[in-house]
Amino acid sequence: MIPLSWYLVFAAALFCIGLFGVLSRKNAIAILMGIELMLNAVNVNLIAFWRYRTPDTIAGQAFAIMVFAVAAAEVAVGLALIIAVYRRRNTVVADEIDLMKW
Amino acid sequence: MGAMQILFLLAAAAVLGAAILVVTSRNLVHAALWLIVALFGVAVVYVLLNAGFFAIVQVVIYIGAIAILFIFAVMLTRQIGGKDGGSQNHSTWWVAALLSLLLMVGIVWILSTWQGFATELPALANEKELISELGKSLVSTYLLPFELASVLLVAALIGAIYVSWEKSR
């Protein structure tokens, strides 16, 4: 059978790839994609810990549901903000959205 | 090596490969399509963890809604003037790569010192009742977070509509 460590290492790798995307991408939409990867890694961790450590309590699954809901809300608002910024400034490059930069 | 392990390794390799393409691909439409592959692989991992409900939710919400939103957003914000041509990553991407690699090493190192790291799969007492138990707990023990999540979703959707509304000038 698969030990817990495989899932944890897999989730850590997925999280770090997402972090790389967030840190290195220019395009704001691509940054959101990185955040999605990170949220997925967190969810894999939650489900894996539920399955391996506390399979008798449902808390891990309930928490994962909340992460799903928050992820959906985050993407909806984030993409709406990006599209609104694009309408005003005609760019989605994070470096060029510098209206509040001193 | 059992069939489960081979399936896990295949799914993990597909997810990680697709995820790397998501964060490095020059064409953002391709990145969004690779994101779908990665999300689907994560759904397979959920199935391996006896969380079939989450696999369905993953496909319906992430692939069916979020990935489609991403593709819409990419297509709505394309630069016509050819700005899309160059690399989509900063020139200092290696700093980000180094940081991510360090974090990865750090996480794995911390986890390896934890005695529960190599926990073997415990037997599931009530495999067939999982979804009904989850449903019951969402309207009893976790009622407040559940309601908060629904309020958050409504607020987020109203906010998204308001923010992206094109005001008539």
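All figures in this text were calculated on a predicted structure; none of them were measured in a lab.
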Count the heavy-atom pairs under 4.5 Å between each of B:L138, B:I66, B:L102 and chain A, then report the option with the highest count.
B:I66
B:G2 backbone acceptor or donor facing B:Q5 side chain under 3.5 Å
yes
With a 4.5 angstrom heavy-atom cut-off, could you sort out which part of A:L79 is near chain B: side chain, backbone, both or neither?
side chain
Residue B:A12 versus chain A: region with a heavy atom under 4.5 Å:
both
Please tell me if the side chains of B:K136 and B:T141 come closer than 4.5 Å, counting only heavy atoms from C-beta onward.
no
Tell me, side chain or backbone of B:L69 under 4.5 Å from chain A's heavy atoms, or both, or neither?
both
As an exercise: rank B:N50, B:L103, B:I20 by heavy-atom pairs under 4.5 Å with chain A and give me the winner.
B:N50
Where the side chain of A:T91 meets the backbone of A:V93, is there a donor-acceptor pair that is under 3.5 Å apart?
yes
Portion of A:N43 that has a non-hydrogen atom of chain B nearer than 4.5 angstrom
both
What part of A:A59 gets closer than 4.5 Å to chain B, counting heavy atoms only: side chain, backbone, both or neither?
both
Which one, B:A73, B:A51, B:G116, B:A149, leads in non-hydrogen pairs under 4.5 Å with chain A?
B:A73
List the atom pairs, with distances to 0.1 Å, where a side-chain N or O of residues 9-25 of chain A and a protein N or O form a donor-acceptor pair under 3.5 Å, not counting sequence neighbours.
from, atom 1, to, atom 2, distance (Å)
A:S24, OG, A:F20, O, 3.0
A:S24, OG, B:N89, ND2, 2.7
A:R25, NE, B:V23, O, 3.2
A:R25, NH1, B:S25, O, 3.1
A:R25, NH1, B:N89, OD1, 3.2
A:R25, NH2, B:V22, O, 2.7
A:R25, NH2, B:S25, O, 3.0

Within 6.0 angstrom of B:W94 CH2, more than 12 heavy atoms from elsewhere:
no
Most heavy-atom pairs under 4.5 angstrom with chain A, which of B:W93, B:F146, B:Y46?
B:Y46
Measuring heavy-atom distances to chain B, does A:W50 have an atom under 4.5 Å in its side chain, in its backbone, in both, or in neither?
side chain
Give a yes or no on whether B:F40 atom CZ has more than 12 heavy-atom contacts from other residues, nucleotides or ligands under 6.0 Å away.
no
Can you tell me if A:F68 has over 12 outside heavy atoms packed within less than 6.0 Å of its CZ?
yes
Just by distance, no angles: are the side chains of A:N40 and B:Q58 close enough, under 3.5 Å, to form a donor-acceptor pair?
yes
Please flag which part of B:L48 lies under 4.5 Å from any non-hydrogen atom of chain A: side chain, backbone, both or neither.
both
A:W6 and B:F8 aromatic ring geometry - parallel, tilted or perpendicular at 30°/60° bounds
tilted
Turns out that what part of A:M33 lies under 4.5 Å from chain B's heavy atoms comes down to both
Check each atom of B:L16 against the heavy atoms of chain A and say whether the ones under 4.5 Å are side chain, backbone, both or neither.
both
